[in-house]
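Order of the sequence lines fixes the chain letters, A, B, ..., with proteins taken first and strands second; residue numbering starts at 1 for each chain. Please read all numbers here as calculations on a predicted model, not as lab measurements. No hydrogens, no waters, no symmetry mates; every other heavy atom, side chains included, goes into these values.
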Amino acid sequence: MNIIRKVRRLIDRMSLRDRQFDFLFDENTTGEVVSVDCETTGFDPWVDDVISIAAIKIRGNKILTSDTFEAVIKPDAKMTAESIKVHQLRSVDVEAGRPMDEVLPEFLRFLGPRPILGYWIDFDCRMLSKYLINTLGIALPNQQVEVSKIYYDRKYGHAAQNTQIDLRFAKIIEDLGLRELSQHDAFNDALTVAEMYVILKDMEKRGVYLKRQREISEPSNAVV
Amino acid sequence: MPKAFDAANPPFDRLSAAEIAELRSVLDIGYFRPGEAIIEAGHSAEVLYVVIKGAVEEHDAGDIEAVLGPKEVFDSRALVHGTAGSRFVAAEETLCYLIPKELTLDLIKRNPSFAAFFYSDISRKLDAMAKAEEADGVESVMRSRIGDANVRAAIFVDAIASIERVAHTMRDRDANAVFVRGGDGRIGLVTGTDLWRSTILERKPLDAPIGSIARYNLISSSEDEFVFEALIQMTKHNIRRVAVKRGGELVGMMEDVDLLGLFAGNSQLIPGRIDRARTTDDLAAPARDIQAQVERLHKQGVKVEDIAEITSDLNRRLIAKLFDLVAPESIREFGALMIMGSEGRGEQTVRTDQDNGLLLSVPVGEDTINHFRAEFSGALQRFGFPPCPGNVMVSNPIWSCTIDTFEAQLKRWVYDPDPESSINLGIFFDAIGVAGRSDLVPRAKMRMIELMRGEAVLIANFAKAIDQFPGTGGVLATVMATVGREEIIDIKKSGTFPIVHGVRSLAIDKGLMAPSTVDRIHALAKLGQFGEEFERELISSFRFFMSLRVRSQLRAARLGTTEGESLIRASELSNLDRDLLRESLKMVKRFRELVRNHFKLTMF
């Protein structure tokens with residue numbers, strides 16, 4: 001951990017308003033990571049709300065689907081027609097949800113000091129931090145693990161400069177031969193990310209790379 | 001909780017919604033790297049694995065027994081019986097659901113149809129599957145069209161015809177009911193019951209016009225309606241017959257017994273029609289029906305051994321009747337007609353070929369026998385029995401001769417064999433007499449057994465054919481390893497033939513007269529050639545191969561070809577069938593080894 005992050009952590013820990021969440025700063029002795037996905041009303045953390053959270057623990061090569069966190073949240077902002085289309089969650093479904101100030105402590109206890117894993121995880125963390133800052137005075141302090149970064153390293157780590165890079169969620173699913181679960185369901189997305197993670201982490205350990213199609217046509221083929 | 005866990009995937013499809021929810025709540029997912037052993041042979045397992053993605057190889061003593069793909073479940077033995085029979089290794093990056101042992105055992109206890117999947121023997125698994133399929137049979141019959149059923153052709157009589165004449169017509173045409181056409185264009189119905197009621201109970205004169213007793217409130221169904229609609233009509237109106245129409249035209253009649261016949265594959269009607277045949281041409285229709293009902297019985301989920309029994313019985317009646325019709329007095333008196341090969345063993349369902357022959361106690365005239373040979377084989381071919389590619393037919397003098405000539409021939413096949421001899425001996429050993437003198441076939445078979453008794457080298461040579469299709473050791477392994485992939489398996493070569501021929505070799509060695517493979521297996525077990533468990537598993541495997549064969553044969557028949565009639569594509573099988581196929585192929589391997597050891601084939 002570099003010095004700047006260490007200091008940042010220290011400051012965060014001091015600014016934490018509620019000492020019962022001190023455990024977020026504990027050393028992660030579990031060896032586990034948590035795959036997290038939030039469904040939101042839109043893509044602007046300032047305006048939009050989280051409407052569901054799903055989290056699944058991963059221990060070594062095992063995805064603990066028997067020990068998961070799932071919650072639907074009643075948003076403050078009115079749901080936009082756009083988000084209804086994306087998530088197929090209508091206002092009435094979300095009405096059945098619980099308020100964020102009830103869900104968030106439960107989620108944080110589930111998460112503990114574990115690293116938080118996801119696809120475009122920075123966005124999820126920023127969405128969650130919005131609530132955290134209001135209540136605890138800090139952003140989510142957990143280490144972030146970006147699955148598309150691991151994928152990038154396995155696939156494009158050695159790639160030539162002008163290689164076309166494709167980090168789409170669907171592309172990773174295809175490359176790893178995973179089944180396509182119905183997307184935009186927080187649990188399914190978190191599960192798919194978890195599956196990606198265990199496979200990619202193992203490839204990393206074994207030093208195996210994903211095959212790339214030949215992006216640049218090789219002139220040597222043009223021998224007459 | 002992973003909603004993505006597929007509850008429709010057998011055996012989980014037998015769980016209730018509550019049980020599935022329970023299962024989903026305790027599931028984990030495991031990742032296995034290529035080459036990683038998931039279960040070691042001889043070890044127990046703490047979870048049941050269901051492949052999500054990737055591939056898992058099942059290794060047994062160095063051979064790859066199978067490759068498991070998505071949705072396949074392993075290993076029930078390691079979980080339920082405590083020790084894995086094989087070693088399970090991830091072949092590529094693999095994800096599996098992990099179902100805790102505790103819950104699996106609990107579900108097995110609570111849910112018997114789920115439990116069936118975990119039985120260690122093929123026979124119990126098959127029984128459990130058969131039960132599940134029984135209900136489907138009734139369903140499929142009800143959903144067939146009236147036109148597809150055996151609708152009786154409409155018979156019309158004039159309303160002015162006398163009661164007596166109509167009675168004669170009904171007897172001659174073998175009908176229980178006829179349509180009556182009135183002068184005014186009305187059409188009515190008269191049944192056998194109407195005849196005796198009017199004449200005996202109401203004392204109507206026999207020359208009274210039939211129109212006076214006909215009923216004109218005809219209930220009819222259209223040919224393209226479902227069978228169950230006819231059944232509803234019958235129940236609603238409390239009647240036993242429904243008139244069948246095609247585009248407004250009366251074309252036939254459907255009786256309640258015909259419906260019954262549909263369920264039973266109307267096999268009970270065929271013997272009567274065979275018996276009543278007066279010319280060879282009369283036999284053509286029942287011959288066709290025997291074949292048509294194989295598909296119907298199969299669709300209804302009738303067990304393959306029962307289909308084979310019904311079909312063999314009917315084919316034998318048909319062939320015996322044909323013999324009666326075609327054979328002249330002398331051949332009927334001195335001859336014995338035999339059927340051989342799969343027909344003799346009673347294991348043929350879809351007709352593949354005809355293996356038949358004739359033994360005579362004394363010579364008959366050259367012209368007489370030549371005429372008979374041509375007539376008999378020609379008629380069978382017209383009935384749709386394909387000619388035997390090996391020419392094992394009455395039309396071939398080698399297979400239709402006096403018993404003395406035949407026994408001399410047997411001796412030559414045994415002591416001075418050519419490449420055909422072994423095949424001929426095998427075919428003849430399955431012979432059974434179906435018409436004419438009953439003593440000749442057993443006599444010739446006894447002679448063959450005597451000739452071969454104690455000739456260890458000879459029988460060993462005969463038995464060696466179990467390895468004639470590539471199937472030993474490594475090659476068999478590749479056949480099995482392809483199970484679960486887009487590969488094709490020859491059911492005859494890798495399944496039925498090794499069992500049939502191995503059993504046949506042992507039966508010759510022990511001098512058994514029974515022609516059917518299953519009877520021979522029973523007899524061999526009684527003689528202590530193998531244990532009870534082996535006996536049961538061998539029979540179950542054999543029947544399973546037969547059922548797969550029927551499936552592929554019917555498919556080939558629908559395509560109007562015999563090409564590929566014994567090929568099965570692994571991807572066309574359900575998971576349960578694939579599982580059974582793997583187990584059955586393993587059983588064949590065990591059996592081949594037993595036969596090889598018995599005849600010390602490794603020495604030759």
### Task
Give the C-alpha distance, both sets of side-chain angles, the deciding distance and a yes or no for side-chain contact (heavy atoms from CB on, under 4.5 Å) between B:Glu93 and A:Leu176.
CA-CA 9 Å; B:Glu93 286 90 1; A:Leu176 298 181; over 6 Å; no
Which atoms of [X] approach chain B - backbone, side chain, both or neither, heavy atom under 4.5 Å:
| X | value |
| --- | --- |
| A:Leu181 | side chain |
| A:Leu64 | both |
| A:Ile58 | neither |

### Message
Applying a heavy-atom distance below 4.5 Å, give me the residues of residues 31-41 of chain B that approach chain A, sorted by number.
### Response
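From residues 31-41 of chain B, the residues near chain A are B:Tyr31, B:Arg33, B:Pro34.
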#### Entry: For chain A, which residues of residues 95-106 of chain B have heavy atoms nearer than 4.5 angstrom
B:Leu95, B:Tyr97, B:Leu98
### Query
Are B:Ile29 and A:Ile56 side-chain neighbours, meaning at least one heavy-atom pair lies under 4.5 Å?
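Sidechains of A:Ile56 and B:Ile29: no contact.
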### Query
Does CZ in A:Arg59 sit with more than 12 non-hydrogen atoms of other residues, nucleotides or ligands closer than 6.0 Å?
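Atom CZ in A:Arg59 is not crowded, with 12 or fewer foreign heavy atoms closer than 6.0 Å.
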### Query
If you count heavy-atom pairs under 4.5 Å with chain B, which of A:Ser66, A:Ala194, A:Ala54 comes out on top?
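The candidate making the most pairs under 4.5 Å is A:Ser66.
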### Query
Nearest 0.5 Å, what's the CG-CD1 distance between B:Leu27 and A:Ile63?
11.5 Å
